[in-house]
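Nothing here was measured: the structure is a model prediction, and the numbers come from that model. Here, residue 1 is the first one in the sequence, and each next residue gets the next number.
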Amino acid sequence: MITELSIDEIGDDHMYTGLETPIKADAFKLSDAEKKEKIAVLFGEIMEVMGLDLTDDSLKGTPKRVAKMYIDEIYSGLNPANKPKVALFDNKYQYNQMLVEKDITFYSNCEHHFVPIIGKAHVAYISSGKVIGLSKLNRMVQYFAKRPQVQERLTNQIGVELQNILGTKNVAVIIDAKHLCVSSRGIKDDTSATVTSFYGGQFLEQDKIQELYNYITN
């Protein structure tokens with residue numbers, strides 16, 4: 001018999017509940033401006049509870065700054081309206097080997113403690129006749145990173161999205177990241193990192209995995 005775990009029992013462990021980011025059905029009923037206004041009020045209340053003096057010149061603008069940062073920047077990937085526009089091009093060069101975009105720096109946030117996840121993503125694909133602009137690979141990583149995340153979900157979201165866009169299963173994603181919920185609190189381990197991977201199509205073959213690793217480690 002499976003029982004639901006309590007918050008305390010889960011602790012710092014990752015809970016990967018599915019491919020989709022858990023978003024309410026009415027998540028976009030409020031406009032961005034309305035969300036910023038509400039967040040500013042609520043974050044101001046948090047600061048008040050913590051005992052901070054919001055009349056201080058350095059602090060009085062913080063609630064609005066945080067609200068703007070949440071909606072326009074670090075959590076902008078929650079809104080599908082911010083999804084990158086992607087155009088595909090014919091593979092006129094007939095390049096049929098893997099293309100690898102490595103060391104894509106990203107900043108995300110752990111959905112359990114709302115503290116940063118900082119890492120690099122390596123994305124690879126083998127064309128099935130269409131190619132994508134290189135910058136769009138970076139932009140797709142950033143889009144899914146800019147939301148409260150679990151690294152396993154982030155990895156799979158990027159992989160599945162690129163498979164759908166490119167019309168091929170031949171996609172691989174590797175993410176190597178540090179979690180501040182591990183390094184700055186809890187166990188306070190500043191040296192460990194987390195690596196996750198997504199392999200599809202030809203990338204499930206050992207020789208392709210090895211070729212990919214040779215590219216990203218050299």
Salt bridge (charged side-chain N to carboxylate O under 4.0 Å, His left out) involving Lys85 - partner list, sequence neighbours excluded:
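Lys85 satisfies salt bridge (charged side-chain N to carboxylate O under 4.0 Å, His left out) with no other residue.
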
What residues, two or more places apart in sequence or in another chain, satisfy salt bridge (charged side-chain N to carboxylate O under 4.0 Å, His left out) together with Asp72?
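If we apply the salt bridge (charged side-chain N to carboxylate O under 4.0 Å, His left out) test to Asp72, skipping adjacent residues, the hits are Lys36, Lys68.
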
In chain order, what residues pass the side chain to side chain contact (heavy atoms under 4.5 Å, CB included) check against [X], with sequence neighbours excluded?
| X | result |
| --- | --- |
| Asn164 | Val160 |
| Ala27 | Ile23 |
| Val195 | Ile174, Asp176 |
| Thr155 | Gln151, Val173, Ile175, Thr196, Phe198 |

Set of side chain to side chain donor-acceptor pair (under 3.5 Å) partners for Glu161, sequence neighbours left out:
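If we apply the side chain to side chain donor-acceptor pair (under 3.5 Å) test to Glu161, skipping adjacent residues, the hits are Lys83.
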
With salt bridge (charged side-chain N to carboxylate O under 4.0 Å, His left out) as the rule and sequence neighbours excluded, what pairs involving [range] come up?
| range | value |
| --- | --- |
| residues 46-55 | none |
| residues 120-147 | Asp90-Lys130 |
| residues 195-214 | Lys208-Glu211 |
| residues 98-107 | none |

Hey, what do you get for NZ (Lys60) to OG1 (Thr55), rounding to the nearest 0.5 Å?
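Output value for this atom pair is 8.5 Å.
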
Can you sort out the partners of Phe114 under ring-ring contact (aromatic ring centres under 6.0 Å, His included), two or more places apart, ordered by chain and number?
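Listed in chain order: Tyr75.
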
Run the numbers on Thr21 and Glu111 for side chain to side chain donor-acceptor pair (under 3.5 Å), then give the verdict.
CA-CA 10 Å; Thr21 300; Glu111 69 182 36; over 6 Å; no

Would you indicate whether Glu20, at its atom CD, is surrounded by more than 12 heavy atoms from other residues, nucleotides or ligands within a distance under 6.0 Å?
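Incorrect, the count does not exceed 12.
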
Regarding Gln210 and Asn214, do their side chains bring together a donor and an acceptor under 3.5 Å, going by distance alone?
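Yes - a donor-acceptor pair under 3.5 Å links their side chains.
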
For the residue pair Gly201 and Asn170, what are the closest heavy atoms and their distance?
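Nearest heavy atoms, Gly201 then Asn170: CA-OD1, 3.4 Å.
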
